[in-house]
Structure formats: C-alpha cells, structure tokens
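Just so it is clear, the model here is predicted, and its values are computed rather than measured.
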Amino acid sequence: SSKATVSVLNWSVTTQHQKMFITTKNREEIMQYLFKEGVIVAENKKQKKHSALSVSNLEVIQLMRGFATRKLVKEQYAWRHYYYFLTDEGIKHLREVLFIPADIMPATMKKTASSMGEAGGDRRRQWRNDDGTEGDRPRRQGGYGRGFKRDGEGEQAQVQAPAAPAAATAETQADEAW
C-alpha cells in the first residue's frame, strides 16, 4: 500500500490508498466480455461471483472504475447494480490491448434486423398512417387513471339500478300518498 501526505495550513493529513491486484487472466476475461457485449453489469455485492464471468464482482467494479476515470466506459448506478457502457475511446483502447481487428464490433454497435429493415416502419404504421390519419389498430379509449372512472365510481359511471318488484312499487305509492 502507498501513503500520501498532504500539508494544509500546518495540518498534516495522511491518506492511505489500497491497490488491488487483478490477475492478468481475470483482467483479460473482463475486457474480452466488455468488448464482446459492449456493456457489463456488476451487482454491488463485492464478495459474490459475477453472473456471466468466473471472477468476483469486486474485480469487475475495480477494473471498470479505473476505465471510467480514463473515460473508456460510462458508469451508471441503479438498484444496487453498476452498469458500464463502452465508449468510442474504450473501443479503440480494447482493440489495441486485445489485438482485435477493426471489422469486429461490440454487440451494442451492431445493427439488428428490425432497425435496418422496414419492420420498425410497419409497426409505426399500425398506429398512424403516413398522412397522419389513424392506422390499422384501434385507438385506445382512456381507462382507469387517465381521467375516466370505472363503472360504479363518480359521476361519469352510469349504473342502472335493478327494477323494483311490482309489490314494492305499490307499497311505495301508498306511502307517498299518505
């Protein structure tokens, strides 16, 4: 471990930085996975083994933290998971380190069939035609939570009461006449 001493207004502060050793085999495995997928996820349980690799989450997090400081990956944290997305600089760096040819791309950079073909356009056309008129699918009527009430709630719901029996009607008329 290395020590750094900083003197601020005659106050001496000693900070201790721990360096983590990640074996070359594990480092290469993490980098190859990152390049292949274009993204890597690590759960914030440091002792737990990574779900897709044979390394611990701590090793993935520490290596990606170093990559994030060099702007090779973009870091996002949500719901106890770290998400690391490969940047263009990261792709260049991994190509140099892992000796990957230029024609091989990460999975996040590859075009899918739906994004290249007309499948996306056909799907949009189901909702609205090119001229702006309604498409093939029926338009949704508002539902609960969209300003409309379900049957039996509020003024907009119209619930018909069951018809009263004839005997009950005669009694009611007699009471009203009294």
Side-chain angles (χ1 to χ4, degrees), residues 1-9 11-137 139-140 145-146:
S1 84
S2 63
K3 289 186 178 182
T5 304
V6 179
S7 176
V8 179
L9 298 174
W11 288 74
S12 182
V13 179
T14 303
T15 58
Q16 198 169 19
H17 297 285
Q18 299 273 333
K19 290 190 178 183
M20 183 171 180
F21 179 74
I22 301 173
T23 62
T24 305
K25 183 185 107 173
N26 289 353
R27 182 182 305 269
E28 284 182 3
E29 184 179 359
I30 294 167
M31 290 190 298
Q32 285 175 354
Y33 181 84
L34 176 64
F35 188 85
K36 181 180 132 193
E37 298 296 326
V39 64
I40 192 165
V41 179
E43 190 175 358
N44 194 8
K45 291 186 178 176
K46 294 177 172 61
Q47 299 301 324
K48 191 174 178 186
K49 186 179 148 307
H50 191 269
S51 59
L53 303 170
S54 63
V55 300
S56 70
N57 282 330
L58 180 62
E59 291 176 319
V60 173
I61 292 168
Q62 291 300 322
L63 182 62
M64 291 301 111
R65 189 173 287 168
F67 279 15
T69 59
R70 293 185 285 165
K71 306 281 191 232
L72 302 178
V73 294
K74 182 181 150 241
E75 179 181 350
Q76 182 74 36
Y77 183 78
W79 291 93
R80 296 181 59 136
H81 287 78
Y82 289 98
Y83 298 89
Y84 298 98
F85 304 95
L86 198 55
T87 62
D88 292 336
E89 294 84 21
I91 293 172
K92 290 176 192 173
H93 174 74
L94 289 179
R95 279 189 201 285
E96 293 170 5
V97 172
L98 299 173
F99 305 105
I100 298 174
D103 59 336
I104 298 176
M105 297 296 288
T108 55
M109 303 296 273
K110 293 179 183 175
K111 301 217 182 243
T112 60
S114 63
S115 68
M116 291 175 61
E118 290 186 30
D122 290 341
R123 187 167 181 204
R124 186 179 303 143
R125 226 173 271 122
Q126 288 177 351
W127 293 101
R128 191 167 298 284
N129 292 330
D130 291 334
D131 59 356
T133 60
E134 295 296 324
D136 301 333
R137 295 182 105 173
R139 189 165 191 87
R140 282 186 68 169
R146 297 180 184 209

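His50 contributes a side-chain N or O that, together with a main-chain N or O of Val41, makes up a donor-acceptor pair within less than 3.5 Å. For Ser56 (side chain) and Lys49 (main-chain N/O), no donor-acceptor pair under 3.5 Å exists by modelled atom type. Remark: side-chain polar atoms of Thr87 are paired, donor with acceptor, to backbone N or O of Lys71 under 3.5 angstrom.
Pairs passing the salt bridge (Lys or Arg N to Asp or Glu O under 4.0 Å) check and including a residue from residues 27-44, sequence neighbours excluded, read Glu43-Lys45, Glu43-Lys48. Each salt bridge (Lys or Arg N to Asp or Glu O under 4.0 Å) pair with one or both residues in residues 75-95, not counting sequence neighbours, would appear here, but there are none.
The closest side-chain heavy-atom distance from Leu53 to Glu59 is not below 4.5 Å. Looking at Phe67 and Leu34, their side chains come closer than 4.5 Å, going by heavy atoms from C-beta outward. Looking at heavy atoms from C-beta onward, Phe85 lies out of side-chain contact with Thr108 at the 4.5 angstrom threshold.
Scored by the side-chain hydrogen bond (donor to acceptor under 3.5 Å, both in side chains) test, Thr24 finds no partners at all (sequence neighbours excluded). Residues satisfying the ring pair (Phe, Tyr, Trp, His ring centres under 6.0 Å) criterion with Tyr77, sequence neighbours excluded, are Tyr82. In this view, Asn57 satisfies the side-chain hydrogen bond (donor to acceptor under 3.5 Å, both in side chains) rule with no residue, not counting sequence neighbours. Looking at residues two or more places apart in sequence or on another chain, you find a side-chain contact (heavy atoms from CB on, under 4.5 Å) between Thr23 and Phe21, Lys25, Asn26.
Residues Leu94 and Ile100 share a closest heavy-atom pair of O-CD1, 4.2 Å. Nearest heavy atom pair, residue Tyr83 against residue Ala78, reads CE1-O, 3.9 Å. Residue Pro106 comes nearest to Gly38 through the heavy atom pair CB-CA, 3.8 Å, listed as atom of the first residue, atom of the second, then distance. Nearest heavy-atom pair across Phe35 and Met105 is CE2-C, 4.4 Å. Across all their heavy atoms, Tyr33 and Val39 have their closest contact at CE2-O, 4.0 Å.
Screening Ile30, Val73, Leu63, Ile61 against Ile40 for a side chain to side chain contact (heavy atoms under 4.5 Å, CB included) leaves a single residue, Ile30.
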